[in-house]
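The structure presented is a predicted model; accordingly, all values stated were derived computationally and were not measured. Note: hydrogens, waters and symmetry copies are ignored here, and every other heavy atom, side chains too, is used.
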There are 2 protein chains.
Amino acid sequence: MIERLPLNALRAFVVAARHESFQQAAAELHVTAGAVSRQVKELESRLAFPVFERNAHGVRLNAAGRRLAESAGAGLDRLAEAYREAQRLPRAGLSISAPPSFVQHWLLPRLAGFDARGEEVALEASEVLTQPEWDDGRARLAIRYGTGPWPGVEDRPLLSDPMFPVCSPALLERGPPLQEPADLAAHTLIHVSCTEPAIPTWRHWLDHVGAAGVPAPVQWHYSLFSHALDQAIAGRGVALVGRVVAADRLDSGVLVRPFGERYAFPSPFGYSLITPAAGEPPPLAVRFIDWLMGEVARFREGHPGD
Amino acid sequence: MIERLPLNALRAFVVAARHESFQQAAAELHVTAGAVSRQVKELESRLAFPVFERNAHGVRLNAAGRRLAESAGAGLDRLAEAYREAQRLPRAGLSISAPPSFVQHWLLPRLAGFDARGEEVALEASEVLTQPEWDDGRARLAIRYGTGPWPGVEDRPLLSDPMFPVCSPALLERGPPLQEPADLAAHTLIHVSCTEPAIPTWRHWLDHVGAAGVPAPVQWHYSLFSHALDQAIAGRGVALVGRVVAADRLDSGVLVRPFGERYAFPSPFGYSLITPAAGEPPPLAVRFIDWLMGEVARFREGHPGD
DNA sequence: ATCATAGGTTGAGTATTCCTGACCCTCGTG
DNA sequence: CACGAGGGTCAGGAATACTCAACCTATGAT
């Protein structure tokens with residue numbers, strides 16, 4: 001009988017039954033209300049009886065629908081619990097979650113120096129600036145960009161992240177003069193935006209360097225530092241970025257700081273290593289953390305700024 | 001979490017786990033072993049760990065797989081039970097299961113005479129010659145073609161079904177002579193086959209009429225009397241059929257009995273009305289049975305042969 | 001050593017299912 | 001009358017599931 005179960009229709013129904021709303025069920029299932037409507041219709045067709053009473057302002061379970069929702073819901077909950085438990089099973093390997101630009105511009109270039117000794121390491125680029133809700137059984141670490149603190153987890157600050165303008169050498173040489181902050185008014189400004197939480201903007205930076213009266217409309221907004229860096233390298237403007245992701249590009253010369261070491265904004269945002277508050281980290285995680293701390297120390301030596 | 005469950009993969013896995021065989025799971029699920037293999041692979045990919053140990057001669061659950069199979073299986077069983085219970089809920093209407101040819105050639109032409117009074121009647125053509133396993137909550141009747149008895153249900157014989165040859169009038173007039181059974185050797189024979197149970201064949205008929213020595217290779221086999229009747233009407237040969245489904249065509253003259261009323265084979269197969277052994281039939285079912293018995297009586301009057 | 005068989009795997013393509021977007025409906029409210 | 005809310009459905013597209021065929025390994029028979 002299992003083979004004949006209309007599983008997708010039953011799931012849509014159970015969620016719709018719980019809400020007594022196709023709209024809310026759709027939101028929970030990440031589909032449109034039309035999709036829920038169809039699935040419920042399909043179920044009613046197979047059962048040859050309705051499960052909802054319908055009227056213009058919504059649906060309500062009928063008696064048969066309620067019975068089915070209760071028992072089918074129990075089955076689905078059991079199934080979900082089984083799956084969740086399986087996901088939490090401990091397994092070999094390491095799972096690391098870190099901001100995409102950090103991964104690309106800081107972690108990956110150094111990661112070759114870490115010897116996983118044949119164990120599986122999963123590197124997950126994650127744009128969220130919140131602490132992760134780990135849901136698999138792999139040993140897990142997260143590197144997060146934010147202001148901290150990070151409640152409920154073990155929080156180890158890695159690197160502070162002062163912010164400053166960067167641009168391509170060509171723009172500096174051939175573009176409008178760029179010697180003082182006021183000169184930025186004649187340039188295209190590139191910014192990395194994030195509204196929640198609000199990372200520092202050009203406005204913050206200008207206020208900090210005493211150029212509060214300088215108008216500085218930003219023409220370009222990007223959600224990733226990677227993209228802002230790429231556009232700056234391409235000469236399309238001056239980007240306000242953090243030193244961690246910019247360091248290698250500055251070292252290599254494809255980006256320059258137009259005002260030299262001056263005018264760094266001491267951003268409250270920085271990178272932290274987050275680990276679960278409880279439990280003994282497995283050896284692979286311990287080795288990774290040791291390696292990471294060594295790289296962080298090396299970076300600090302080569303780029304004073306904390 | 002329910003929205004993220006890979007339901008189809010979990011179902012394939014649970015069945016494969018029960019059998020510890022993708023082949024057997026495939027058979028139960030009515031798919032190919034390749035489909036089961038893919039679903040299990042998909043599940044393992046999402047969980048990031050294997051659930052089976054594999055070798056060349058088959059699969060075996062590993063410990064993690066066993067745990068998941070047990071709890072997920074419980075969830076699916078719960079879901080299946082909920083669905084089954086819903087299917088069994090009593091509902092208005094009547095469900096009638098009957099052989100396709102009987103429906104087409106006997107029941108439908110008469111059914112206009114039955115007043116359902118606005119209630120829903122579901123007529124299900126069913127080729128199976130076994131007693132039905134009713135699985136929905138509608139009041140249910142079945143008409144079955146067979147030899148009986150039908151254990152565990154209430155069995156009411158309706159019509160016996162002597163078998164005899166029929167052909168088109170044109171074939172009789174213009175074809176090879178067809179006056180005695182031996183003449184059949186010069187004709188194309190049409191037969192309705194069913195191996196389980198074995199309904200009477202031309203061989204049985206010839207033996208019965210004392211023509212055991214007459215060779216009679218059957219050129220055409222059909223699984224439905226409908227098709228055999230149609231081919232006979234089209235003049236493509238002589239069909240051995242039962243009187244119940246042939247009656248209307250004989251009455252209308254599009255088919256004739258080449259040997260007249262002679263040589264009817266008293267087949268042990270006949271039509272029976274089957275109802276559940278327990279429970280009080282609802283009024284609609286009672287009315288339908290009364291109507292059916294009336295039609296059966298009328299048929300018997302017009303076509304002596306019991 | 002070769003061949004046949006069994007069970008599982010996978011590439012490529014097709015079939016089926018599921019979903020979306022847009023437009024429609026009824027009902028209630030202002 | 002207009003608007004909003006919630007559900008229903010057509011038509012088309014996206015995603016998933018499946019099939020078929022060819023492949024693999026291991027085992028047993030010759």
Side-chain angles (χ1 to χ4, degrees), chain A residues 2-62 64-66 68-69 72 76 79 83, chain B residues 2-62 64-66 68-69 72 76 79 83:
Chain A
I2 287 185
E3 76 277 7
R4 291 290 173 240
L5 288 173
L7 294 171
N8 203 44
L10 280 164
R11 168 169 54 194
F13 163 65
V14 160
V15 178
R18 185 166 4 99
H19 294 284
E20 283 192 314
S21 161
F22 291 179
Q23 294 271 5
Q24 294 177 46
E28 181 172 327
L29 294 166
H30 307 295
V31 297
T32 63
V36 174
S37 178
R38 288 198 190 280
Q39 290 295 343
V40 172
K41 270 293 194 203
E42 167 66 20
L43 181 67
E44 288 175 325
S45 173
R46 288 177 181 245
L47 290 174
F49 65 82
V51 290
F52 284 107
E53 288 168 22
R54 288 161 164 85
N55 56 39
H57 70 277
V59 296
R60 206 167 13 166
L61 275 175
N62 61 22
R66 193 172 311 281
L68 177 60
L76 277 171
L79 201 53
Y83 191 70
Chain B
I2 287 184
E3 77 280 6
R4 291 287 172 245
L5 288 174
L7 293 172
N8 205 41
L10 280 165
R11 170 169 53 192
F13 162 66
V14 160
V15 177
R18 184 162 11 96
H19 294 283
E20 282 191 315
S21 160
F22 291 1
Q23 293 271 3
Q24 293 177 47
E28 181 171 327
L29 294 166
H30 306 295
V31 297
T32 63
V36 174
S37 178
R38 289 196 196 280
Q39 291 294 346
V40 172
K41 269 297 193 197
E42 169 65 21
L43 182 66
E44 289 176 323
S45 173
R46 287 178 181 242
L47 288 174
F49 65 82
V51 290
F52 284 107
E53 290 169 19
R54 289 163 166 81
N55 55 39
H57 69 276
V59 296
R60 201 164 19 161
L61 275 175
N62 62 22
R66 192 172 309 283
L68 177 59
L76 277 172
L79 201 51
Y83 191 70

- Message: Expressed as a whole number of angstroms, how long is the span from A/Arg54:CZ to C/dC27:C1'?
- Response: 16 Å
- Note on the structure: Per-nt protein contacts along nucleotides 25-30 of chain D (heavy atom under 4.0 Å; B base, S backbone sugar-phosphate only, - none) come out as BS----
- Atom CZ of A/Arg60 and atom C1' of D/dA5: how far apart are they, to the nearest Å? 17 Å
- Check whether any side-chain heavy atom of B/Tyr83 sits under 4.5 Å from a side-chain heavy atom of A/Ile2, and report yes or no. no
- Any side-chain heavy-atom pair from B/Glu3 and A/Val15 closer than 4.5 angstrom? no
- How far apart are the closest heavy atoms of B/Ala69 and B/Val14, and which atoms are they? O-CG2, 4.4 Å
- Message: Expressed as a whole number of angstroms, how long is the span from A/Glu53:CD to C/dC27:C1'?
- Response: 16 Å
- Query: Once you round it to whole Å, what is the distance between P of D/dG6 and CD of A/Gln24?
  - Reply: 8 Å
- Taking all atoms of both residues into account, what is the closest heavy-atom pair of A/Leu76 and A/Arg11, and its distance? CD1-CA, 3.7 Å
- Task: Compare every heavy atom of B/Val40 with every heavy atom of B/Arg54, then report the nearest pair and how far apart it is.
- Result: NH2-CG1, 3.7 Å
Please tabulate the protein-to-nucleotide N/O contacts below 3.5 Å involving nucleotides 17-23 of chain C, giving atom names and distances.
residue: C/dC18; atom: O3'; partner: A/Asn8; partner atom: ND2; Å: 3.4
residue: C/dC19; atom: OP2; partner: A/Asn8; partner atom: ND2; Å: 3.4
residue: C/dC19; atom: OP2; partner: A/Gln39; partner atom: NE2; Å: 3.2
residue: C/dT20; atom: OP2; partner: A/Thr32; partner atom: N; Å: 2.4
residue: C/dT20; atom: OP2; partner: A/Thr32; partner atom: OG1; Å: 2.7

- Query: Hey, does A/Phe52 have a side-chain heavy atom less than 4.5 Å from the side chain of A/Asn62?
  - Reply: no
- Below 4.0 angstrom from OP1 or OP2 of C/dG8, is there any side-chain N or O of B/Ser37? no
- Task: Could you check if a side-chain atom of B/Arg4 sits within less than 4.5 angstrom of a side-chain atom of A/His30, using non-hydrogen atoms only?
- Result: yes
- Query: Quick one: salt bridge (charged side-chain N to carboxylate O under 4.0 Å, His left out) pairs with a partner in residues 26-41 of chain A, sequence neighbours left out?
  - Reply: A/Arg18-A/Glu28
- Item | A/Leu5 and B/Leu7, any side-chain heavy atoms less than 4.5 Å apart | no
- Message: Expressed as a whole number of angstroms, how long is the span from B/Lys41:NZ to C/dG11:C1'?
- Response: 15 Å
- Message: I need the CG-C1' distance between B/Leu10 and D/dA17, as an integer number of Å.
- Response: 15 Å
- Rounded to whole angstroms, how far apart are CG on A/Leu43 and P on D/dG8? 13 Å
